[in-house]
Each structure stands twice: as structure tokens, then as C-alpha cells.
Amino acid sequence: MSEKRVLIVGGGLAGLAAAMKACELGLEVDIFSMVHVKRSHSVCAQGGINGAVNTKGEGDSPYIHFVDTIKGGDFLADQPPVLSMCEAAPSVINMMDRLGVTFNRTPEGLLDFRRFGGTLHHRTAFAGASTGQQLLYSLDEQVRRWEAEGKVRKFENWEFTRLILDKDGRAVGLVAQDLTTMEFKSFPGLAVVLATGGPGLMFGKTTNSTINFGSATSAAYKQGVWYGNPEMVQIHPTGIPGSDKLRLISESARGEGGRVWVPRKAGDKRAWNEIPPAERYYFLEERYPLYGNLVPRDIASREIALICTKEGLGIGGRQAVYLDLTHQPEEYLLKKLGAILDIYEKFRGVDPKKVPMEIYPAYHYSMGGLYAGYEADSTGRLLKNSPKNQETNIPGVYAIGEADHQYHGANRLGANSLMSCIFAGLVCGESLAALAKNSKTAEAASSLLESECKLEEETYKKLAAQDGPENPFVIHKELGDAMSAYCLIERHNGELKKLQGMVDSFAERLKKASSLDKSNSGNMSAVFLRQLDGMITMSKAVVDAALLRDECRGAHSKPDFDNPAPSKETPIEDPAWTAYYEKFLAQTQTWLKTTVAKYDPKKSHPTIEYQTVDTRHLEPEPRDYTGVGKKAWAKFKEKRQATQAKA
Amino acid sequence: MSKNVEILVKRQDSPKAPSYWVEFSVPYEEGMNVISLLQGIRRDPKDKSGKSVTPVTWESSCLEEVCGACTMVINGKVRQACTALVDQLEQPIKLEPMSKFPVERDLRVNRQRIFDNLKKVNAWVEVDGYHDLGPGPRQNPDDQTTTYKYSECMSCGCCMEVCPQFTKDNDFIGAAVLGQARLFNMHPTGEMQMPKRLDKVTDKGGIQDCGLAQQCVKACPKHIPLVEAIGQLQRDITVNKVFGALKK
């Protein structure tokens, strides 16, 4: 083994950024991916990447980006990594520009920026409407350059199945399976980086790609890596219903002027263009005058879902609302949103430039992930070149990208994920170099590599031989339906308890499932048993954590424990505000904590613990997107300080 | 009454095994695409006669026609399975693996050759480093419109599948890879490495093997102007040769 070889699992934005940076710093890299890295899920990101470059003269700054991100995530994110990310964001965008990303330009030839949810600034750089694809391709090209120099080896169409830990519990390698020949092999390395994306498929039909099983995450979790904030999963407000998956209309559709509405009258049977403007209910604009259609995703999703389910105002009584761009000039739409509008037309057969789109919220992203730590400097930023940054609780195991739990707290702002993926990747590259410099780790014993590989072979052999009456793909569909029904837009403890029982029964049925295929060539069914086991394992963490968190925070909405703000018409002297803020403070005291799920091999469910959130820069306050609460909160704080001073 | 969708799949159990056809019949749902048919088969893996068979293996990822994974030959035409809507296809729907790449299993092929060829032509921008060096070069918005088109290439291989010059046993690099060489020649920094890139483009299996059949451009799902790219590369090669000779 080369003393400088690191193992990176996953070849999306985070994994490739880490690989490229690690190579620049003199390391050698093995990359493992279930698909050719160019086909990773990052390609699905449409809208853009955030960085306060402030070329629009709006007075935007990295600090405002930081405030928006922390507030958008309902204060659940540790603040040092977020501050460092927002401060680095403009230079990351510049670097990506230098790598050849085909970003849209202004007439002066500068990068163009658009508005996204949860901010009042034009902060989102974009490349047509396939920004994720364009960013991924540029990183892919750089990594190919290192590959041509012999610094990178790629193992594509391989699946990671196990960490190899030495007797001190440090990662010294991994086991992976070739998905064509079905053979297993051990790989030694200085560190293992998990950049394997989110676990979305546990929710069945989602906006995620067909590879987002979360099986790598689950394998590491079962070997002792902690999982942070599993209950925090994001629903995208504007999904397109589909028979195989839920596609997405990017938030940029709203950023470019898209308006969300329903007919004011329940059960209105008229076609959209027969409903005059006065009879259209632009509910986001009316309820959130300051942010309008660009409120953060959790709020938009809940409003859209509830207006259909609770208020019965969905189009034709269905679960759908209009996302309307028809008032914008066609040429403008083609230029700014061409590719995403194409997607809608391709899959629905209707031209959204002429007819409003029909949309409904869909599972989209996991803010939670493998617990990634950091080391802060005296100013409350990430300590540069610390090997602790992005490292999990297991030495030598790193987590980055959607697979980690950092950066987004309880809710992610649109266009922050592409930034967090690349940023965490670059930081991780530096951590790996620092680790290599100080490492006195001996090479993994070949007997250990052999025995761990054997273990995985045996486990797989048993799986492939499974011959029960159950079809694993059917169990998966039922798991997804149950998770989406009881653990997504709104959560109720009664339903969550019922769901726990359902998940347990899926685990039981999995033992009686058939591999459907005994072949040892490209066998996708036998490996699916392992992938499904991973999804069931992770769904237990999600459901258990959701059941325990008795509050509403970001994407986690539990109406029975809600603390709704007084209506925006309430005068700020009204005692309703005081009562609201008192309750807010009490809730913060109890629940402003990072959930940590730990796998316990002796129990069928995880142990759930909590950790303090690092809020050293910004004091938690109630989120307010109406523009009214700000004054009331200031008055409340003033009064409270006066009382405290007297006491 | 429920209707069914009739499907014919060309299967192959392993890389060296012979291929064979299997008929399937899957219950119809509104808005189905070829992917949802294959998903339907694996939830109830039986052929049309009711005999149990193994689920069909295929490759997929994004299902939004931006990753290129689910490319296969559908009713004789190479395309992505995710955008192949059942309502627009004649039945029985015939599914075959791409013919220009080695089959691994059923509809899944090995397209490593595309990525190896991208490596051959230096399809990247050579930057000095990944540290903060300020903004990149300013670019005309019109140029971005052109380059974005090329940069949408998802290495799916449709252009190679239809190319008469690209065969399983020769080493032609194919239109998509030439398109990428053109893309990096257009970038203000990438242009500085153009002579080196052009040398690679004229290596064995390079641009000279193109027969100008112009099938690639018709098959490209992203409508990338591949013929234009090849034409421009040829002009650049000529210019480069002349200037190269003059310099000597």
C-alpha cells in the first residue's frame, strides 16, 4: 500500500472535490462508486449554488449568507462550519468558474446570480438549469486529469459494504463488491471518506436517484459511526408526480417569478385560464408578504400540502397546486429555465411556458447524516488543516456532502447543498493531507484484510441463497409508502408509533424474502436485499428520532407541539407575543440539540442521545418571514433584559 | 378493465452467454415510462406465460435524462429509458442493450471506453491550482450559450451506437469525445492547451476515422451540434499545422 492512499466512497460533488484536493496536496486516491461517477446524483441539482459574491450591488455579504443559512436551518446547525462555508463560498464559486463551469453571464461578462428561497439577495450562481450537472462535470474532468497522471484509481460499478477497523478501532481500509462479477475485495488506505449522498429511497418514490439507498451510510452506522439529526429530512415544495419517481421543478422557477396559486373556491372545476385573477388565491404571497413565493422550503411545502389536505383547495380537489410562469415572456423563460421546463414537458407532455405546471411536495434531501465533527479556531471558524474537520466519531472515517449531518441544521436553503458538498469536499481533502502528514499508522495487516473480505463474502452468499416467499421490491414499495404517509410533511406521535411497528414488520418480512436471482453476474436483486436492509435500518433511526422530538423545528413538523406565531396583524404590545416568545425560549432550552443515533447490535432499535448545538455567533430567535415579528421580538428582548437587570 | 403493456426484452445472463428474448406483460398505469415497466417486472418477475424468471438487470440513476445511465435500444432506437413514455411507443415494446458496447447482463452494458477516451483527449481545463486565485476569465454571454450546449453531454453513447465508424472492435473515439475536445478548445483557459489537445485528437482512432455519416447529431438526446464540432476541430487542426510549420 502507498502510505499516501486514501479511499473515497462516492463520486458526486463532495467525493470528487475531496479527491481533487487530496491529489493536489500529494495524496493518492481510490474512488468507489456504484455508477460511473459522472452519473452521480449531483447531476439532478438544477437551480444553482450560493455564494455572496455581491456583484449586484445589493450589499450582500458572506455574513448575511451565514445568518440566512443558520436561520433557515432553525438554528440547529453548528455555527463554526457554516460560517467558514459562507466565507469561502465566493472563492469556491470563482474556482469552479476557473475550472470551466458554463455559468450564465451578465452582459458585462461576469457571473450572473439569481434569487433563491430564504434570502432577499441575488446570491445563486447558475449554469442553465442543470447547475449540479455542470459542477459535477467540471470536478469529474479535474479528477480525470489526476487519473491520467496515475494519482487516482476508479472503481466504478462497485459497492462499498464494510469498513475495515484495526484493533484500536481506526479505519485502515474497506471492503467493496464488484457489481458485475459479484466478487469482493479489500482495499487498504489511510482513511475512508464516505461521500455517498442521502438515504432518500427509504421514502419510496422521491426526487432522489435510483442509487440513493443509503446503504453505505447504513453499513458504516452499523459499525459504530454515529448518525446526526436523522429526523431532519427535506420535502421539496415543487415535485412533479410520476410513475417511477417524483421529478422536480427547481426552486429557480419561483426565483424567476413563478407564482403559486389555487382557485379561491374549493372544488372549482374551471380550467386555469377561465379563472380570473381575483378568484385566484396566491396564498404564499398573501400569507408571507415579505418573501412571497420564496419562503424557505419547509414552509412552502407545508403550506402547499395543507392547502390541499386541510383546506381542500387543491386543483379539482386533488393533491396539486399551480406553479405559474405563463406571465413571463417565453424567450426569458427559455434562456433562464430552458432545461427544467424541458423536463416538465418531456415527462408530462404539457408546455409550462403556456400552461401552469401542477406540482405537489416530494421528499428531496436529508439534512441529517453521518456525524461529522470539526475543530474550531479562536475566532469560531474551522481550524484550517485540522484532521478533525469532517471526521466522524471513528478515527480515520470521514463524512462529507449529503452523507454528513453538518451545514443545514433542521432545514436546508435552496442552492446551499451544492456549496456545502464542494466546500466539505475541499475541507476534507485538507484534513486528509494533514492526517497523512502526522500519521504513524502502520499498514493494515494482510490477515485482517483477508478475514474482513471473507466475512463479507459469507454474508453475501447467505443473502444470495435466500429463498423465501417475499419479494424485496414489494417490501420496499410498502416501506416507502408508509414512511411518506406517516413521517414526512406532518408528524403525529400516534402515527409514528404505528409506523415503528410497520418498520419492524418489514424487517421481519425481509428475513423471509427471496433474492429472486442466484446468478453471479450483474445480480441486482441479491444486492437489493442488502440495500433494503440498510434502508430499514436507517428508517428506524429516522422514525425513532422523529417520535422523540416533541416540537416543530425546520422540516420537522409536529402540529401537536407547535408554537404558532401570533398573526401578523397582532399589535406588538399584545401579550400574545410575550406568551409566544416565552414558549419559544422554553422550547429552545429543551430541544435545540443535535440528535445522535447510535446503532446498538444488541437491540433492534438505535440508542438516541443529544448534543449541544454550537451557537456561539448568533443567538437563536424565532424564524420570521412575514417581516412583522422582528419588531415584536426586539421589544420582548428589551423588556426581558430590563427585568433581568432589575433581578 | 385493466390493460397490460406487452414487452419484449433481449436478455443475456452474463458477458459471454448467448442472448435470448423474453416476453413480459405488465399492468398499465397512466404516465408510465420504460423504467416503470422494468420496475413492474421485478416486483412480479414472471414472463408472459406466468413462468418465474429472474428480474431484468438494467442501469439507471437520475431518471431525469441528465445522467445518461439508462440508455438502451427501444423499438430499434437508442435513447434513455426514463424519457421513453409508454403512451408514445408501439407495442410490443422491444428493449435491447446497446450493441456497440460489451453486454454485462441483460440491458446493462460497459461504457468504460467513453471515459477512457475522454482521458485521451485532455478533456479538461488545466488550472494552476484549487486555491483562491480570484474570478475566472470574463466571458461573453453568447459564448456561454454555445458552450453550455456542449457541456450538457452526459456520455450516454447514443452518438456512438448509431455511428457506422464506431464498432465494438476498433478504437475510434467517437463523436461525444470529439465534442468535448471542442468544448475545452472554446474555453478561454482551455484554449491555451489547444495545440496539445489537437495532437491527441489526431492520434490513432482520432478524428480522421470519422466518416461524416452525420448520424451522431440526429441521435443526440441533447441536440449537441456534433457535426459542427468535428468540422471546427478539423479547421483548427489545419490552422495548427500551418502555424506549427511556420514556427519551425
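The analysis underlying the following values was restricted to heavy atoms, covering all of them including side chains, and did not include hydrogens, waters or symmetry mates.
For residues 135-153 of chain B, every residue pair satisfying the salt bridge (charged side-chain N to carboxylate O under 4.0 Å, His left out) rule, not counting sequence neighbours, is listed here: A:E108-B:R138, B:K149-B:E152.
Heavy atoms closer than 4.5 Å to chain A are found in the side chain of B:R108, but not in its backbone. Proximity to chain B is limited to the backbone of A:P107, based on heavy atoms less than 4.5 angstrom apart. In this structure, the portion of A:T207 lying under 4.5 Å from any heavy atom of chain B is its backbone and not its side chain. When heavy atoms are compared at a cutoff of 4.5 Å, A:N520 does not approach chain B at all. Interface remark: A:M96 contributes no atoms to any contact with chain B (heavy atom separation under 4.5 Å). Proximity to chain B is limited to the side chain of A:I343, based on heavy atoms less than 4.5 angstrom apart. Proximity to chain B is absent for every atom of A:F528, based on heavy atoms less than 4.5 angstrom apart. Interface remark: A:S42 contributes no atoms to any contact with chain B (heavy atom separation under 4.5 Å). For chain A, the nearby part of B:A123 is the backbone; its heavy atoms alone come within less than 4.5 Å. Looking at B:F184, the atoms closer than 4.5 Å to chain A (heavy atoms on both sides) all sit in the side chain, from C-beta outward. Only the side chain of B:K222 comes within contact range of chain A, with heavy atoms under 4.5 Å apart. Of the atoms belonging to B:D13, it is backbone heavy atoms, and not side-chain ones, that fall under 4.5 Å from chain A. Only the side chain of A:Q46 comes within contact range of chain B, with at least one heavy atom under 4.5 Å from a heavy atom of that chain. Contact of B:L118 with chain A is made through backbone and side chain together, with heavy-atom distances under 4.5 Å.
Between the side chain of A:R39 and the backbone N or O of B:C70, no donor-acceptor pair lies under 3.5 Å. For the pair A:D97 (side chain) and B:G136 (backbone), a donor-acceptor distance under 3.5 Å is present. A:N94 contributes no side-chain N or O that, together with a main-chain N or O of B:D132, makes up a donor-acceptor pair within less than 3.5 Å. Distance alone, capped at 3.5 Å, is enough to place a donor-acceptor pair between the A:Q133 side chain and the B:V66 backbone. With hydrogens and angles disregarded, no donor-acceptor distance shorter than 3.5 Å links the side chain of B:R42 to the backbone of A:P472. The backbone N or O of B:T145 sits nowhere less than 3.5 Å from a side-chain atom of A:K335 that would complete a donor-acceptor pair. B:Q139 places no side-chain N or O within donor-acceptor distance of the main-chain N or O of A:R105, the cut-off being under 3.5 Å.
A heavy-atom distance below 4.5 Å is found between the side chains of A:S130 and B:Y148. Contact of the B:P15 side chain with the A:S521 side chain is registered, since non-hydrogen atoms from C-beta on lie closer than 4.5 Å. In this structure, A:R98 and B:V125 have side chains that are not in contact, with every pair of non-hydrogen atoms separated by 4.5 Å or more. Residues A:T102 and B:M186 fail the side-chain proximity criterion, which asks for heavy atoms closer than 4.5 Å. In this structure the side chain of B:R105 never reaches within 4.5 angstrom of the side chain of A:M524, judged on heavy atoms. The side-chain heavy atoms of A:K477 and B:Q39, taken from C-beta on, include no pair separated by under 4.5 Å.
The two residues A:F347 and B:L63 make their nearest non-hydrogen contact at CZ-O, 3.5 Å. In terms of heavy atoms, A:K38 sits closest to B:C153 at NZ-O, 3.3 Å. B:Y130 and A:Q142 make their closest contact through OH-OE1, 2.9 Å (heavy atoms, listed as atom of the first residue, atom of the second, distance). The two atoms that bring B:S60 and A:I211 nearest to each other are O-CG2, 4.1 Å, heavy atoms only.
Contact count against chain B (heavy-atom pairs under 4.5 Å) is highest for A:T180 among A:V101, A:T180, A:V474. Heavy-atom pairs under 4.5 Å with chain B were tallied for A:P90, A:S91, A:S515, A:G349; the largest tally goes to A:S91. Across A:R145, A:H476, A:K154, the residue that shares the most heavy-atom pairs under 4.5 angstrom with chain B is A:R145. Per-residue heavy-atom pair counts under 4.5 Å with chain B were compared for A:T106, A:I475, A:L110, and the maximum is reached by A:L110. Highest contact tally toward chain A, considering only B:E59, B:E104, B:H187, is held by B:E104 [criterion: heavy-atom pairs under 4.5 Å]. Of the listed residues A:D112, A:L426, A:D140, A:N157, the one with more heavy-atom pairs under 4.5 angstrom with chain B than any other is A:N157. Contact count versus chain B (heavy atoms, under 4.5 Å) is highest, among A:H41, A:M34, A:K21, A:E147, for A:E147.
When each of A:K346, A:K245, A:R247 is checked for a salt bridge (Lys or Arg N to Asp or Glu O under 4.0 Å) with B:E65, only A:K346 meets the rule.
Side-chain contact annotation: A:S243 with B:S36, donor-acceptor N/O pair under 3.5 Å present.
Scanning for side-chain contact (heavy atoms from CB on, under 4.5 Å) contacts around B:Q112 gives A:H36, A:E156, B:N110, B:F115, B:D116, with sequence neighbours left out.
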